[in-house]
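A short worksheet on the structure shown next.
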Amino acid sequence: QVQLVESGGGLVQPGDSLRLSCAASGRTFNSYYMGWFRQPPGKERQFVAGISRSGDYTYYADSVKGRFTISRDNAKNTVYLQMNSLKPEDTAVYYCAAPLTASALGVIMIKSDNYTYWGQGTQVTVSS
């Protein structure tokens, strides 16, 4: 049974930074690309960032490019999302996600339909 557990959310001021973590268990972590999504209040879930199974390739939504960095530590079965220069519009519940099947090297998917396993979410609130 695959489990994803996010942590690191909180209440911060505009311009601050946060680092989210997602600990994975239940299968061989380094065989799968991983993604971060978010769901702002009253809006649909949206893609934030993705990382290939090896960590060599990353992809970002335009809204976070240059401010957020996704990374992974396959030895620790953990994926991270470093969020800098946070804005009020970054307020959302953040989810990490994993696909059902192992992926080829270099593959990253950005649609939520490509992900089967989801964490419980962690709230990020950016407000002055």
Side-chain angles (χ1 to χ4, degrees):
Q1 180 72 15
V2 175
Q3 287 191 325
L4 304 173
V5 180
E6 302 101 335
S7 61
L11 172 63
V12 297
Q13 294 187 338
D16 285 352
S17 298
L18 275 177
R19 189 176 82 155
L20 306 183
S21 299
C22 172
S25 61
R27 63 182 184 184
T28 304
F29 182 68
N30 63 7
S31 294
Y32 305 85
Y33 60 86
M34 297 289 293
W36 282 98
F37 290 75
R38 67 186 182 186
Q39 187 164 17
K43 296 185 179 180
E44 293 187 351
R45 191 174 296 184
Q46 55 190 227
F47 173 80
V48 175
I51 188 166
S52 62
R53 55 184 283 186
S54 66
D56 290 342
Y57 299 93
T58 58
Y59 189 82
Y60 298 92
D62 287 343
S63 58
V64 306
K65 201 172 295 182
R67 300 188 298 122
F68 290 12
T69 302
I70 187 172
S71 61
R72 65 191 296 162
D73 185 338
N74 285 342
K76 295 183 178 180
N77 290 357
T78 301
V79 62
Y80 305 97
L81 185 67
Q82 178 67 43
M83 305 185 295
N84 298 330
S85 302
L86 282 161
K87 305 175 181 180
E89 51 263 43
D90 294 318
T91 295
V93 178
Y94 284 71
Y95 300 90
C96 72
L100 177 64
T101 57
S103 55
L105 292 172
V107 170
I108 302 171
M109 295 295 186
I110 66 172
K111 292 186 177 181
S112 60
D113 289 350
N114 294 118
Y115 293 83
T116 299
Y117 301 104
W118 297 81
Q120 82 287 354
T122 186
Q123 177 70 47
V124 172
T125 302
V126 185
S127 176
S128 55

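Because the structure is a prediction, the values reported are computed rather than measured.
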### Message
For Glu44, is the CD atom crowded, meaning more than 12 foreign heavy atoms sit under 6.0 Å from it?
### Response
no
Residues two or more places apart in sequence or in another chain: which of them pass side-chain hydrogen bond (donor to acceptor under 3.5 Å, both in side chains) with [X]?
X	result
Ser17	Asn84
Ser7	none
Asp90	Arg38, Arg67
Thr125	Gln123

### Query
Transitive ILVMFWY cluster of Leu11 at side-chain heavy atoms under 4.5 Å: who else is in it?
none
### Message
According to side chain to side chain donor-acceptor pair (under 3.5 Å), does anything in residues 19-30 pair up with another residue at least two apart or in another chain? List the pairs.
### Response
none
### Query
What distance do Ile108 atom CD1 and Met34 atom CE have between them, rounded to the nearest 0.5 Å?
12.5 Å
### Query
In Å, rounded to the nearest 0.5 Å, how long is the span from CD of Gln82 to CG of Leu18?
8.5 Å
## Note on the structure
Those residues at least two apart in sequence (or on a different chain) that pass salt bridge (Lys or Arg N to Asp or Glu O under 4.0 Å) with Lys65 are Asp62
### Message
For Asp113, give me all partners under salt bridge (Lys or Arg N to Asp or Glu O under 4.0 Å), at least two apart in sequence or on another chain.
### Response
none
Answer with yes or no whether the hydrophobic clustering places [X] together with [Y]; edges join I, L, V, M, F, W, Y residues whose side-chain heavy atoms lie under 4.5 Å apart.
X	Y	answer
Phe37	Ile51	no
Val107	Val48	no
Tyr94	Trp118	no
Val124	Val93	no

### Task
Please list, chain by chain and in numerical order, all residues satisfying ring-ring contact (aromatic ring centres under 6.0 Å, His included) with Tyr95, sequence neighbours excluded.
none
### Query
Quick one: ring-ring contact (aromatic ring centres under 6.0 Å, His included) partners of Tyr33, sequence neighbours excluded?
Tyr115
### Message
Under the salt bridge (Lys or Arg N to Asp or Glu O under 4.0 Å) definition, can you give me all pairs with a residue in residues 119-128, not counting sequence neighbours?
### Response
none
### Query
Between Glu6 (side chain) and Gln120 (backbone), is there a donor-acceptor pair under 3.5 Å?
yes
### Task
Check whether any side-chain N or O of Asn74 sits under 3.5 Å from a backbone N or O of Arg53 as a donor-acceptor pair, and report yes or no.
yes
### Message
Tell me the closest heavy-atom pair linking Ala98 and Leu4, and the distance in Å.
### Response
N-CD1, 3.8 Å
### Task
Identify the two heavy atoms, one from Pro14 and one from Ser128, that lie closest to each other, and give their separation to 0.1 Å.
CD-N, 3.7 Å
### Query
Mind checking whether Val79 and Cys22 have side chains closer than 4.5 Å, heavy atoms only?
yes
### Query
Hey, mind stepping through Val126 and Asp16 against side chain to side chain contact (heavy atoms under 4.5 Å, CB included) and telling me if it holds?
CA-CA 8 Å; Val126 185; Asp16 285 352; over 6 Å; no
#### Entry: With Ile70, the side chain to side chain contact (heavy atoms under 4.5 Å, CB included) member among Val64, Leu81, Leu20
Leu81
### Summary
So the ring pair (Phe, Tyr, Trp, His ring centres under 6.0 Å) pairs with at least one residue in residues 49-89 (sequence neighbours excluded) are none
### Task
Could you walk me through whether Leu100 and Tyr117 pass the side chain to side chain contact (heavy atoms under 4.5 Å, CB included) test, one step at a time?
CA-CA 7 Å; Leu100 177 64; Tyr117 301 104; 3.5 Å; yes
